[in-house]
Amino acid sequence: MDTTVRVRFAPSPTGGLHLGGVRTVLYNYLFARQHRGEFVLRIEDTDQNRYVQGAEAYIFDCLQWCGLEPDESVVHGGAYGPYRQSERKENYRQYAEQLVRDGHAYYAFDTPEELEKMRQENRSETNPSPQYDHAVRNRMKNSLTLKEEEVNRLIKEGIPHVIRILIPKEERVSFTDMIRGEVSFETSVVDDKVLLKADGMPTYHLAVVVDDFLMKITHAFRGEEWLPSAPVHILLWKYLFGLDKMPQWAHLPLILGPNGKLSKRDGAKYGFPVFAMNWTDPVTGELTEGFKEKGFLPEAFINLLALLGWNDGTDQEIFRLEELVEKFSMDRVHSGGARFDYEKAKWFNHEWIKASNAGRLMPFVKPVLEAKGLPVNDESFLEKIITLVKERCHLLPDFYDQSFFFFKSPEKIDLEAIQPKWNEQKQLFFAEVIRNFELDPEWKASILESNFKEIAAANHIKPGDVLLPFRIMLVGGKFGPGVFDIAEILGRDETIHRIKETLLRLS
RNA sequence: GGCCCGUUCGUCUAAGGGCUAGGACACCACCCUUUCACGGUGGUGAUACGGGUUCGAAUCCCGUACGGGCUACCA
């Protein structure tokens, strides 16, 4: 008996990959790793009308960035391929036909216009969304109402038709969800979903069941928005493969935006990323921002996603991926939806930046600076800077604001912050500081600081009165790490140069 | 409208019948820091409502309210 845990993430390549999608990937990945199982990525591209150029490659890019690589997929290979449903088209028809033979499904010849008409006629105050169900199926054009010869004739003539599931009249369908426990539905309110479309492609409902079976999926995790269609899938499992073969389901709580299910619109509206990486719609050219480009570390992104709906029962909030693999459990996943909080997301990133050493940060920070035109040719120089400023960076681009002055003289010097209290005495003080710095043999922050303070004392100046001016001379404003640390890294020549420059502008 | 899922500080959550309902983000105050941060200490702030069950309910049950999802030949 094969008991290998096999899970799958089954996105439809129609656009960017958002938070909820990545979290589903993450939970799949964690579950698979923890059980030494296999994680499959299946592309659900059964809707040809929704094909989007580049969307599939984009999904793989996102997973790679997150470090959540599948074991089997279109690009990783595997024994259960093809992993693109459009390439599995032949598989589905036979199952649909089998259902028809067994009396669990039927052919339907209704045209889109006829369906619209049916909905139009049945629409009312009490029934705003009429369904194709037991109440109307006997009045429609299908193999339930047509004579057998007529059905055969229509099929032979190539009249477009679909296959619909025949939902039983009054039956209680229930299953045990790993997160919610027992969930049940009354079939009388479930409609006869299309299984096989007129173009021969399966709908999600058929495809998910057939492929989960063929790919030997043991646990199926998906968003809560799928819960209402679960009875259809349960019934299909029962009719086709047997409920004992059905994977265990877990319907993950939704990630909510400021109002309702998080959408990419929310991101644009409230100024936070929703997709994992930048996504540009190939048709409209519209760009939707991603966490990566916004300046998140993949570790932080994973961490914050893991905690959006799950916790290990302790107060711990910072987790490495390996730790999550060890500690994750589906029964500690919350059943209620979780509102995404961008402030908290940034906090996670900040924590990860602080916890990462300069070497780890280097490949992220260097491009940030270079993109802004700063020349980074000495990595050990940059390493010192990263270590010095990282605790004040929440997002990667903050590294620019916190360290540009190490690479070039500040363009703007906040003279207004020093001018009002500027005087001859301070002018003379800095002249002496320059002379002292020129002679200093070691050029170390601690020495610089003690010399600076001694000179101040000798001139009867409070250090506080000259420290801020000194800072502004070096960085241009009231920000940055310790001013003597800055001077040390800047070096003797540059430090003295900047003091002189500002002195000139002050006099 | 119908069906399904849900409901603990503003937000993410802990507490699986038993201490004063705990932590984190955010916010506020103070300390540290002669900048900005980091850090530290403290503070504001929650069991939706009504009924049961029980010696005892955030926790179990019922109802109500509210929120969300679904209701396509989309996934």
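- For A:His334 and A:Asp465, each mapped to the nucleotide of RNA chain B holding its nearest heavy atom, the one lying further toward the 5' end belongs to A:His334.
- Here the side chain of A:Val162 is nearest to one of B:A14, B:A24, B:C73, namely B:C73.
- OP1 or OP2 of B:G2 has not a single side-chain nitrogen or oxygen of A:Asn127 nearer than 4.0 Å.
- For the 3.5 Å distance criterion, the side chains of A:Arg172 and A:Ser184 qualify, holding a donor opposite an acceptor.
- Comparing B:C5, B:G68, B:A15 against the side chain of A:Leu254 picks out B:G68 as the nearest.
- For A:Pro128, taking side-chain heavy atoms from C-beta onward, the closest of the listed nucleotides B:G1, B:A75, B:U7 is B:G1.
- Under the 3.5 Å distance criterion, with hydrogens and angles disregarded, a donor-acceptor pair is assigned to the side chains of A:Asn311 and A:Arg332.
- Comparing the P positions of B:C61 and B:G16 gives a spacing of 16 Å, expressed to the nearest Å.
- Side-chain nitrogen and oxygen atoms of A:Lys478 include none within less than 4.0 Å of the OP1 or OP2 phosphate oxygen of B:A37.
- Comparing the P positions of B:G52 and B:G43 gives an interatomic distance of 37 Å, to the nearest angstrom.
- Distances shown here put every side-chain N or O of A:Lys261 at or beyond 4.0 Å from the OP1 or OP2 atom of B:G67.
- Of the nucleotides present, none pairs with B:G45 by Watson-Crick or G-U wobble criteria with both distances under 3.5 Å.
- Comparing the P positions of B:A14 and B:G23 gives a spacing of 15 Å, expressed to the nearest Å.
- Side-chain N/O atoms of A:Lys197 include one lying less than 4.0 angstrom from OP1 or OP2 on B:A75.
- In terms of position on RNA chain B, the residue among A:Phe479 and A:Trp310 whose nearest nucleotide sits closer to the 5' end is A:Trp310.
- Pairing of B:C25, defined by two Watson-Crick or G-U wobble distances under 3.5 Å, is identified with B:G10.
- Dashed line: the shortest gap from a side-chain N or O of A:Arg339 to OP1 or OP2 of B:U7 is not under 4.0 Å.
- Nucleotides B:C32 and B:U20 have their C1' atoms positioned 31 Å apart, rounded to a whole Å.
- Applying the Watson-Crick and G-U wobble criteria (two distances, each under 3.5 Å), B:C3 pairs with B:G69.
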* Given A:Arg139 and A:Glu121, is the salt bridge (Lys or Arg N to Asp or Glu O under 4.0 Å) satisfied, shown in steps? -> CA-CA 12 Å; A:Arg139 301 201 304 269; A:Glu121 286 168 357; over 6 Å; no
* Would A:Tyr92 and A:Asp211 count as a side-chain hydrogen bond (donor to acceptor under 3.5 Å, both in side chains) if you check the C-alpha gap in whole Å, the side-chain angles of each, and the deciding distance to 0.1 Å? -> CA-CA 9 Å; A:Tyr92 308 107; A:Asp211 285 341; 2.6 Å; yes
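- Checking B:A72, B:A26, B:U7 against the side-chain heavy atoms of A:Glu343 singles out B:A26 as nearest.
- Taking atom C1' in both B:G45 and B:A37, the straight-line distance is 26 Å, to the nearest Å.
- In this structure, of B:U13, B:U7, B:C38, it is B:U13 that holds the atom nearest to the side chain of A:Ala338.
- A gap of 15 Å separates the C1' atoms of B:U47 and B:C66, to the nearest Å.
- The side-chain heavy atoms of A:Leu17 and A:Tyr58, taken from C-beta on, include a pair separated by under 4.5 Å.
- In this structure, A:Ser129 does not reach the B:G2 phosphate: none of its side-chain N or O atoms is under 4.0 Å from OP1 or OP2.
- Residue A:Arg392 places its side chain closer to B:U35 than to any other of B:G39, B:C3, B:U35.
- Close to B:C36, at under 4.0 Å from its OP1 or OP2, lies no side-chain N or O of A:Arg471.
- Not one side-chain nitrogen or oxygen of A:Lys390 sits closer than 4.0 Å to the OP1 or OP2 atom of B:A37.
- Side-chain atoms of A:Phe340 and A:Tyr270, non-hydrogen and from C-beta on, never get closer than 4.5 Å to each other.
- Nearest nucleotide to the A:Ala198 side chain, out of B:U7, B:G22, B:C73: B:C73.
- Distances from the side chain of A:Glu225 to the nucleotides B:A37, B:U71, B:G69 place B:G69 closest.
- Between the base of B:A24 and the side chain of A:Lys344 there is a donor-acceptor pair shorter than 3.5 Å.
- Closest to the side chain of A:His350, from the set B:C5, B:A14, B:C38, is B:C38.
- Look at the P atom in both B:G6 and B:G42: the space between them is 38 Å, to the nearest Å.
- Between A:Trp226 and A:His205, the ring planes lie perpendicular to each other; the angle is over 60°, past the 30° to 60° tilted range.
- Checking B:G10, B:A75, B:C4 against the side-chain heavy atoms of A:Asp341 singles out B:G10 as nearest.
- To the nearest whole angstrom, the two P atoms, one in B:C9 and one in B:A46, are 9 Å apart.
- The glycosidic torsion of B:C38 lies within 90° of 0, placing the base in the syn range.
- A:Glu116 and A:Gln120 share a side-chain donor-acceptor pair at under 3.5 Å.
- At a threshold of 4.0 angstrom between heavy atoms, the contacts of A:Arg180 are confined to the sugar-phosphate backbone, with no base atom among them.
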